[in-house]
**Q** 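Below is a structure I'd like to ask you about.
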Amino acid sequence: PYLSMRRLASDGRSRVWSAMPTSYEIEEWNLEGEIQRSFVREVPWFKAYYYQRVVDPDSHFQSWLADIHWLGGDRILALIHVGSDDWRQHLGPAAWAGGERYFPRWDVANVHDTVLEVIDLQSGRVLTSHRYDGYLVRFVGEHHVAGYKEDGDGNPSIEILRFKLNGGG
């Protein structure tokens with residue numbers, strides 16, 4: 001069901017990278033629509049799935065590959081939503097809809113952490129990984145990322161953060 005929700009990045013010339021939000025797999029395509037290679041990362045904090053279920057404190061958190069960004073050469077920056085260490089404590093009270101129990105996410109920034117990883121697709125290695133305490137949403141331009149948070153009354157705000165990769169990034 002998430003085939004139409006792929007995350008895309010391009011070098012602006014001849015390569016396009018595609019990622020499904022429900023699995024940690026990044027594919028490289030050429031402009032003729034032919035897949036060139038695929039990178040699959042298997043980690044305990046991101047189990048692939050096909051259907052997103054209702055957030056439930058009685059089961060594991062479903063990670064979400066929210067965005068990818070081309071850094072140059074064969075390097076891609078991945079932005080992944082994961083559950084914070086104490087995400088269950090930040091769910092709202094249980095509610096019911098259509099006969100199913102669900103838990104509204106009252107504190108989005110505290111339910112989620114964001115993992116940022118630089119991947120070298122040529123070697124298939126993760127060059128660096130950083131877990132950010134908060135909910136980053138999308139890459140914006142070359143060196144910025146948008147984050148989402150809410151104040152104590154639930155009023156939303158967007159913050160734009162600048163990122164810098166050390167070591168030639």
**Q** Any side-chain heavy atom of Y50 sitting closer than 4.5 Å to one from T22?
**A**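 With C-beta onward as the side chain, the pair stays apart.
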
**Q** Before you tell me yes or no, could you show the steps for F163 and H144 under ring-ring contact (aromatic ring centres under 6.0 Å, His included), namely the whole-Å CA-CA distance, both residues' side-chain angles and the distance that decides it to 0.1 Å?
**A** CA-CA 6 Å; F163 65 86; H144 293 87; 7.6 Å; no

**Q** If I take atom OG from residue S84 and atom NE2 from residue H90, how far apart are they, to the nearest 0.5 angstrom?
**A**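 Between atom OG of S84 and atom NE2 of H90 there are 5.0 Å.
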
**Q** Would you say L65 and V43 are hydrophobically clustered, going by side-chain heavy atoms of ILVMFWY under 4.5 Å?
**A**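 In one cluster: yes.
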
**Q** Can you tell me how far the CG atom of L116 sits from the CG atom of D67, to the nearest 0.5 Å?
**A**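 Atom-to-atom, L116:CG and D67:CG are 10.5 Å apart.
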
**Q** One thing to verify: whether D120 and R125 come together as a salt bridge, which I'm taking to mean a side-chain N less than 4.0 angstrom from a carboxylate O.
**A**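 The answer is no: the pair does not qualify as a salt bridge.
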
**Q** Atom CG in L165, atom CG in L71: separation rounded to 0.5 Å?
**A**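 One gets 5.5 Å once the value is rounded to the nearest 0.5 Å.
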
**Q** Between L8 and F139, is there a shared hydrophobic cluster once you connect ILVMFWY residues whose side-chain heavy atoms come closer than 4.5 Å?
**A**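 No, L8 does not connect to F139 through the hydrophobic network.
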
**Q** Which value, rounded to the nearest 0.5 Å, describes the distance between N110 atom CG and D85 atom CG?
**A**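 Separation between the atoms: 11.5 Å.
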
**Q** What residues, two or more places apart in sequence or in another chain, satisfy salt bridge (charged side-chain N to carboxylate O under 4.0 Å, His left out) together with E25?
**A**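 Counting only residues at least two positions away or on another chain, E25 forms no salt bridge (charged side-chain N to carboxylate O under 4.0 Å, His left out).
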
**Q** Determine whether I76 and V40 fall in the same hydrophobic cluster, where Ile, Leu, Val, Met, Phe, Trp and Tyr are linked whenever their side-chain heavy atoms lie under 4.5 Å apart.
**A**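 Hydrophobic grouping puts I76 apart from V40.
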
**Q** Shortest non-hydrogen contact from R75 to W70?
**A**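 Answer, listing the atom of R75 first, then W70: O-CD1, 3.7 Å.
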
**Q** Decide side chain to side chain contact (heavy atoms under 4.5 Å, CB included) for S129 and V115; before the verdict, give the C-alpha distance in whole Å, the side-chain angles of both, and the deciding distance to 0.1 Å.
**A** CA-CA 7 Å; S129 181; V115 173; 3.9 Å; yes

**Q** Hey, mind stepping through H112 and F61 against ring-ring contact (aromatic ring centres under 6.0 Å, His included) and telling me if it holds?
**A** CA-CA 9 Å; H112 295 89; F61 189 92; 5.5 Å; yes

**Q** Heavy atoms only: give me the nearest G141-H69 pair and the separation to one decimal.
**A**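 Distance-wise, the nearest heavy atoms are O-CE1, 3.2 Å.
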
**Q** Apply side chain to side chain contact (heavy atoms under 4.5 Å, CB included) to the pair H81 and D113, showing each step before the final yes or no.
**A** CA-CA 6 Å; H81 296 153; D113 282 350; over 6 Å; no

**Q** Let me confirm one number: the CH2-CD1 distance from W17 to I26, rounded to the nearest 0.5 Å.
**A**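 So the gap between those two atoms works out to 10.5 Å.
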
**Q** Of all the heavy-atom pairs spanning R101 and P57, show the shortest one and how long it is.
**A**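 That closest heavy-atom pairing would be NH2-CD, 4.4 Å.
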
**Q** Testing the basics here: between I80 and W45, what is the closest heavy-atom pair and its distance to 0.1 Å?
**A**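 Minimum heavy-atom separation between I80 and W45: CG2-CZ3, 3.9 Å.
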
**Q** Quick one: does any side-chain atom of R7 pair with a main-chain N or O of M5 as donor and acceptor, under 3.5 Å?
**A**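 Yes, because the side chain of R7 sits within donor-acceptor range (under 3.5 Å) of the backbone of M5.
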
**Q** For the residue pair S23 and Y49, establish whether any side-chain heavy-atom pair is separated by less than 4.5 Å.
**A**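 A side-chain contact is absent here, since even the closest heavy-atom pair is not under 4.5 Å.
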
**Q** Kindly indicate whether the side chain of L79, heavy atoms from C-beta on, has any atom under 4.5 Å from the side chain of I68.
**A**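 A side-chain contact is absent here, since even the closest heavy-atom pair is not under 4.5 Å.
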
**Q** Check whether any side-chain heavy atom of Q36 sits under 4.5 Å from a side-chain heavy atom of R15, and report yes or no.
**A**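 Of all side-chain heavy-atom pairs linking R15 with Q36, none is under 4.5 Å.
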
**Q** Can you check salt bridge (Lys or Arg N to Asp or Glu O under 4.0 Å) on K47 and E42, steps first, answer last?
**A** CA-CA 8 Å; K47 302 290 186 196; E42 295 182 17; over 6 Å; no

**Q** So does R41 pair up with E117, basic N to acidic O under 4.0 Å?
**A**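 A salt bridge is present here (some side-chain N lies under 4.0 Å from a carboxylate O).
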
**Q** Excluding sequence neighbours, so at least two apart, what forms salt bridge (charged side-chain N to carboxylate O under 4.0 Å, His left out) with R37?
**A**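 Only E28, D74 meet the salt bridge (charged side-chain N to carboxylate O under 4.0 Å, His left out) criterion with R37.
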
**Q** Could you check whether atom CD of E34 has more than 12 heavy atoms from other residues, nucleotides or ligands sitting under 6.0 Å from it?
**A**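 More than 12 within 6.0 Å, yes.
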
**Q** Which atom pair, heavy atoms only, marks the closest approach of S59 to W87?
**A**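 The answer is O-CZ2, 3.5 Å.
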
**Q** Taking L136's backbone N and O only, do any of them form a donor-acceptor pair with T114's side chain (distance below 3.5 Å, no angle check)?
**A**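 Yes; at least one donor-acceptor contact below 3.5 Å.
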
**Q** Could you measure the distance from the OH atom of Y135 to the CD atom of E159? Nearest 0.5 Å is fine.
**A**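 It comes to 13.0 Å.
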
**Q** For A146 and I160, which heavy atoms make the closest approach, and how far apart are they?
**A**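 That closest heavy-atom pairing would be CB-CD1, 3.8 Å.
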
**Q** Applying the 4.5 Å side-chain criterion to the ILVMFWY set and letting contacts propagate, would W29 and M20 be lumped into a single cluster?
**A**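 Result: no, two separate clusters.
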
**Q** With sequence neighbours excluded, tell me which residues meet side chain to side chain donor-acceptor pair (under 3.5 Å) with D153.
**A**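 Per chain and number, D153 pairs via side chain to side chain donor-acceptor pair (under 3.5 Å) with no residue.
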
